[in-house]
**Q** 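First the structure, which I've put down as structure tokens, then a few questions once you've had a look.
In listed order, ligands and their atoms are each counted from 1. Below, all heavy atoms of this structure are taken into account, side chains as well, without hydrogens, waters or symmetry copies.
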Amino acid sequence: MSEISRILVIGALGQIGSELTPALRQRYGADNVVAADIREAKGTPLAEDGPYEICDVTDRTRIDRLITGYKIDCIANMAALLSAVGEKVPQKCWEVNINGLVNTLEAAREHELKQVFCPSSIAVFGPNTPRDSTPQETVLEPTTMYGVTKVSGELLCHYYHLRFGVDARGLRYPGIISSETLPGGGTTDYAVEIFYKAIEDGHYDCFVREDTMLPMMYMPDCIKATMDLLAAPREKLMHRSNYNVAAISFTAGELAAEITKHLPEFTIDYKPDERQAYADSWPRTIDDRIAREEWGWTPAYDLAAMTKDMLEVLTKRQAAGALYAG
Ligand code: NAD
Ligand code: AKB
């Protein structure tokens, strides 16, 4: 089957979608990548640099219209409620994450799309999963509704591929660290907030304990992993919808120490809240050998390189009076 050429990104205004969409536009052409979200985007680069449409992922008719109108052959479904927000409104989390995914898979089946991309997460794992070097194939018994939707999503993608031949692909992203768009309400958000607060206030009240270690990834690696999986030849993919991908694992204390190398006055207090329990149920480190073998995954950023880059970008933005501009 030929490569994808016209992509609909639903949830394009989010932390990852807002950086994935420009990367896709660069590779596939600005007019060939339609950004869509439930929110207005007037005046943002995403709405100015290519087509932008309002789309609620739970509205199947709207998705059908966009597919037909723009001759879409691939959907990247980035719309979701993440772990912390999802735990506050679990029924809504199911509705958006699962009913939305079923809509995109059904649309892909009926319109014979070439591909669907839907991210999974390290939240598929739970307290009964080995926490170190967590294998690709292991116990999936999450304790958050978000995790439940991600396990179900992986299974749905697998089923639609087996039963209907839908080429549904996905990665178990770790916590994503980025400087352009603030994260949307997950447990790993502290690893982004810490940079903003370090620059803004010189101090951060961290909502997980100092010894909390989680798998993380810098946005350039996240975009690379996503673009590489989208472009990977169909026949090479044995797992397809649930690849473990690892980059960096560090404790909150190690991240703070790395920031202190650049900002020696920086201070941090640890004030764990309900998100500590979600973090404690997730892996510390991930075994991503299958992704490396099947489609050549390799990350570029370690803790030192990511920290240096984050601080450089945010310091420049603060000097321009627009720290939160992204
Ligand atoms: P985000 O919360 O930043 O963005 C989600 C976007 O979806 C938002 O722009 C929101 O407006 C939109 N949205 C919400 N409900 C919608 C609806 N009904 N219809 C259309 N759009 C809707 O999330 P993100 O961090 O960009 O995550 C993208 C995907 O990656 C999700 O599937 C998430 O589970 C997964 N993921 C993210 C991380 C991370 O650290 N960011 C880690 C693991 C997995
Ligand atoms: C969250 O913390 O909910 C997300 C994720 C790891 O899926 N960042």
**Q** What protein heavy atom sits nearest atom 41 (N) of ligand 1, and how far off is it?
**A** Gln15 OE1, 2.9 Å

**Q** For ligand 1, note which part of Ser120 has a heavy atom under 4.0 Å away: side chain, backbone, both or neither.
**A** backbone

**Q** Near Ser121, which atoms of ligand 1 are under 4.0 Å from a heavy atom of that residue?
**A** 43 (C), 44 (C)

**Q** Can you list the atoms of ligand 1 that are under 4.0 Å from a heavy atom of Tyr146?
**A** 33 (C), 34 (O), 35 (C), 36 (N), 43 (C), 44 (C)

**Q** Side chains of Arg6 and Tyr28: closer than 4.5 Å at any heavy-atom pair?
**A** no

**Q** Under a 4.0 angstrom heavy-atom cut-off, which atoms of ligand 2 come close to Ile122?
**A** 6 (C)

**Q** Could you tell me which atoms of ligand 1, counted from 1 in the order shown, lie closer than 4.0 angstrom to a heavy atom of Met78?
**A** 5 (C), 28 (C), 29 (C), 31 (C)

**Q** Is a side-chain donor-acceptor pair under 3.5 Å present for Glu137 with His239?
**A** yes

**Q** If we only count N/O pairs under 3.5 Å, is Trp282 in contact with ligand 2?
**A** no

**Q** May I ask you to identify the nearest protein heavy atom to atom 31 (C) of ligand 1, giving residue, atom name and distance to one decimal place in Å?
**A** Ala80 CB, 3.6 Å

**Q** Which is closest to atom 8 (N) of ligand 2 by heavy-atom distance: Thr188, Thr144, Thr187?
**A** Thr188

**Q** Would you say ligand 1 has an N or O under 3.5 Å from any N or O of Pro183?
**A** no

**Q** Can you see which heavy atom on Lys197 is nearest to which on Tyr324, and at what distance?
**A** NZ-OH, 4.1 Å

**Q** Starting from atom 23 (O) of ligand 1, what is the nearest protein heavy atom, named by residue and atom, and what distance separates them?
**A** Leu82 CD1, 3.4 Å

**Q** Cut-off 3.5 Å, side chains only: do Trp297 and Asp288 have a donor facing an acceptor?
**A** yes

**Q** Who's the nearest protein heavy-atom neighbour of atom 5 (C) of ligand 2, and how far?
**A** Ser121 OG, 3.5 Å

**Q** Cationic tip of Arg109 within the cone over Phe164's six-membered ring, i.e. under 6.0 Å and within 45° of the normal?
**A** yes

**Q** Taking distance alone, with no angle check, do Asn77 and ligand 1 share an N/O pair under 3.5 Å?
**A** no

**Q** Is there a side-chain contact between Thr104 and Val57 (heavy atoms, below 4.5 Å)?
**A** yes

**Q** Nearest protein heavy-atom contact for atom 40 (O) of ligand 1: which residue, which atom, what distance?
**A** Ile176 N, 2.9 Å

**Q** At a non-hydrogen distance cut-off of under 4.0 Å, which region of Tyr278 contacts ligand 2 (side chain, backbone, both, or neither)?
**A** neither

**Q** Counting neighbours of NE2 on His158 that are heavy atoms of other residues, nucleotides or ligands and sit closer than 6.0 Å, is the number greater than 12?
**A** no

**Q** Quick one: do Arg240 and Glu154 make a salt bridge, cutoff under 4.0 Å?
**A** no

**Q** Which protein heavy atom lies closest to atom 26 (O) of ligand 1, and at what distance to 0.1 Å?
**A** Ile16 N, 2.8 Å

**Q** Is the number of heavy atoms from other residues, nucleotides or ligands within 6.0 Å of CD (Gln26) greater than 12?
**A** no

**Q** Which of the atoms in ligand 2, numbered in the order shown and given with their element, are less than 4.0 Å from a heavy-atom of Ser83?
**A** 1 (C), 2 (O), 3 (O)

**Q** When you check the gap from the basic side-chain N to the acidic O, do Arg25 and Asp31 get nearer than 4.0 Å?
**A** no

**Q** Against heavy atoms of Pro174, which atoms of ligand 1 measure under 4.0 Å?
**A** 40 (O), 42 (C), 43 (C)

**Q** Does Lys150 have a non-hydrogen atom less than 4.0 Å from ligand 1?
**A** yes

**Q** Do Ser178 and Gln15 pair up side chain to side chain, a donor and an acceptor below 3.5 Å, judged on atom types alone?
**A** yes

**Q** Which residue and atom name correspond to the protein heavy atom nearest atom 15 (N) of ligand 1, and how close is it?
**A** Val96 CG1, 3.8 Å

**Q** Report, in ascending order of atom number, the atoms of ligand 1 lying under 4.0 Å from any heavy atom of Asp56.
**A** 17 (C), 18 (N), 19 (N)

**Q** Can you check whether Asp37 has an N/O within less than 3.5 Å of an N/O in ligand 1?
**A** yes

**Q** Strictly below 4.0 Å, N to O, side chains only: are Arg62 and Asp64 in salt-bridge contact?
**A** no

**Q** I need the nearest protein heavy-atom contact for atom 4 (O) of ligand 1: residue, atom name and distance, please.
**A** Gly14 CA, 3.2 Å

**Q** Val313 and Ser179: which non-hydrogen atoms are nearest, and at how many Å?
**A** CG1-OG, 3.6 Å

**Q** Taking atom 29 (C) of ligand 1 as the point of reference, which of Ala79, Pro119, Ala12 owns the nearest heavy atom?
**A** Pro119

**Q** For Val57, counting its heavy atoms only, list the atoms of ligand 1 lying under 4.0 Å from any of them.
**A** 17 (C), 18 (N), 19 (N), 20 (C)

**Q** Ignoring hydrogens and angles, state whether a donor on the side chain of Thr212 or Gln276 is under 3.5 Å from an acceptor on the partner side chain.
**A** yes

**Q** Measure from NZ or CZ of Arg275 to the centre of the six-membered ring of Phe207 and say whether it is under 6.0 Å with the direction within 45° of the ring axis.
**A** yes

**Q** Below 4.0 angstrom from a heavy atom of Gly175, which ligand 1 atoms are there? Numbered from 1 as shown, please.
**A** 40 (O)

**Q** To check you understand the geometry: which heavy-atom pair defines the closest contact between Leu255 and Met306, and what is its length?
**A** CD1-CE, 4.3 Å

**Q** Looking only at protein heavy atoms, which one is nearest to atom 4 (C) of ligand 2, and what is the separation?
**A** Leu82 CD2, 3.7 Å

**Q** Can you list the ligand 1 atoms lying under 4.0 Å from a non-hydrogen atom of Cys55?
**A** 19 (N), 20 (C)

